[in-house]
Amino acid sequence: MSLIDVFFRKKRSAVVAKERLSIILAHERAQRSGKDFISALKEELIAVICKYTAVDKDALQVTLDRRDSIDVLKVDVVLPEGGLRRG
Amino acid sequence: MTKVVVVTSGKGGVGKTTTSASFATGLAKRGRKTAVIDFDIGLRNLDLILGCERRVVYDFVNVIQGDAKLSQALVRDKHSENLSILAASQTKDKESLKEDGVKAVLDELKDMGFEFIICDSPAGIESGALMALRFADEALVVTNPEVSAVRDADRMLGLIEAKSMRAEQGLDRVKEHLVITRYAPQRADKGEMLAHTDVAELLSLSILGLIPESEQVLDCSNQGLPVILANGSPVALAYDDMVARFLGEDRPLRFIQPESAPLWKRLFGG
């Protein structure tokens with residue numbers, strides 16, 4: 001990488017390659033290990049959370065990421081205004 | 001105790017046969033009695049890379065089908081006396097590789113005192129590739145720093161974990177190693193090529209071999225010389241490092257930095 005590149009940074013294609021691969025590999029690994037549980041998990045989480053709170057179904061996000069050799073399960077819940085408790 | 005090592009990749013053309021030839025030669029050069037088997041039935045090539053194509057009389061399928069004895073089919077390598085080659089059949093089809101036949105050949109090689117049996121897998125995920133990995137104790141997964149090769153390598157890792165005898169019988173898992181070929185450090189440095197660290201991270205494997213891109217590979221295959229014997233060339237040194245690491249030596253990775261460019265190039269690129 002030249003000094004000029006540092007100042008006028010182009011989108012480096014290796015970065016794109018890595019991003020694309022991380023996504024497709026995570027997806028394919030989940031499929032082949034029969035652990036495509038993310039959608040099922042999401043459904044059940046929504047059901048449980050909706051049972052106790054007034055959270056909007058669309059305000060819930062479940063993602064599975066792989067970093068180094070660690071799987072990261074991330075659940076994002078946007079709480080409604082006025083608190084958790086269902087009226 | 002014999003170790004069966006599969007050299008596999010999924011994708012074709014990434015350097016499986018080149019790697020098998022140099023790996024087997026490197027082990028033999030270190031005094032280890034080694035056999036290398038070409039599992040690419042119908043597309044025999046290992047014999048050409050090792051320069052023994054004119055001495056092949058019987059092949060792997062002949063032995064499996066009982067048309068020849070294993071001792072008749074094994075070709076002694078001309079470069080290293082500890083290396084024997086079992087060529088693939090050029091005429092039979094892939095379905096000729098039956099599991100019990102393959103197992104019988106591997107068992108006989110074990111009885112003959114071979115310390116390492118290297119299985120050179122065909123590309124793809126068909127029966128030939130599955131047979132090559134079936135009885136493996138360890139696996140060299142070969143890839144280029146290129147998206148499709150890395151994806152296929154990952155697919156192959158999945159197959160090893162699902163279809164190998166070790167996986168099926170619940171034994172210790174197959175030990176998997178990463179071999180990256182055609183690596184160009186200057187391109188990785190510019191961000192035009194996946195860095196070796198990225199490939200290792202994506203596949204969650206540690207790097208056993210990092211082989212630089214080189215014209216030497218073609219030059220050697222033209223002559224039927226395994227490239228590890230191209231004395232002093234970076235590719236030969238990189239393969240020698242790979243063999244040493246496989247045998248437990250601690251060798252730091254090299255050929256990971258671009259050769260230093262002149263100042264004006266470092267400023268303005270090019």
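So that the names make sense, note that chain A is the first sequence line, chain B the second, and so on, each numbered from 1. Keep in mind that this is a model prediction, so the values were computed, not measured.
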Starting at [atom1] of [X], measure out to [atom2] of [Y] and round the result to the nearest 0.5 Å.
| X | Y | atom1 | atom2 | result |
| --- | --- | --- | --- | --- |
| Glu161(B) | Arg29(A) | CD | CZ | 9.0 Å |
| Leu202(B) | Glu19(A) | CG | CD | 11.0 Å |
| Ser22(A) | Glu201(B) | OG | CD | 7.5 Å |
| Ser204(B) | Leu25(A) | OG | CG | 9.0 Å |

Point to revise | Pairing residues for Glu192(B) by the side chain to side chain contact (heavy atoms under 4.5 Å, CB included) criterion, not counting sequence neighbours | key: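 Listed in chain order: Arg187(B), Lys190(B).
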
Decide if atom [atom1] of [X] counts as having more than 12 heavy atoms of other residues, nucleotides or ligands within a radius under 6.0 Å.
| X | atom1 | answer |
| --- | --- | --- |
| Glu215(B) | CD | no |
| Asp76(A) | CG | yes |
| Glu126(B) | CD | no |
| Arg155(B) | CZ | no |
| Arg151(B) | CZ | no |

Point to revise | Minimal non-hydrogen separation, Ala14(A) against Met193(B), with atom names | key: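 Here Ala14(A) and Met193(B) meet closest at CB-O, 3.3 Å.
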
Exercise for review: With a 4.5 angstrom heavy-atom cut-off, could you sort out which part of Leu21(A) is near chain B: side chain, backbone, both or neither?
Suggested key: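 Both parts, backbone and side chain.
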
Point to revise | Lys18(A) and its side chain to side chain contact (heavy atoms under 4.5 Å, CB included) partner, picked from Val147(B), Leu194(B), Val150(B) | key: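 Filter result, single survivor: Leu194(B).
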
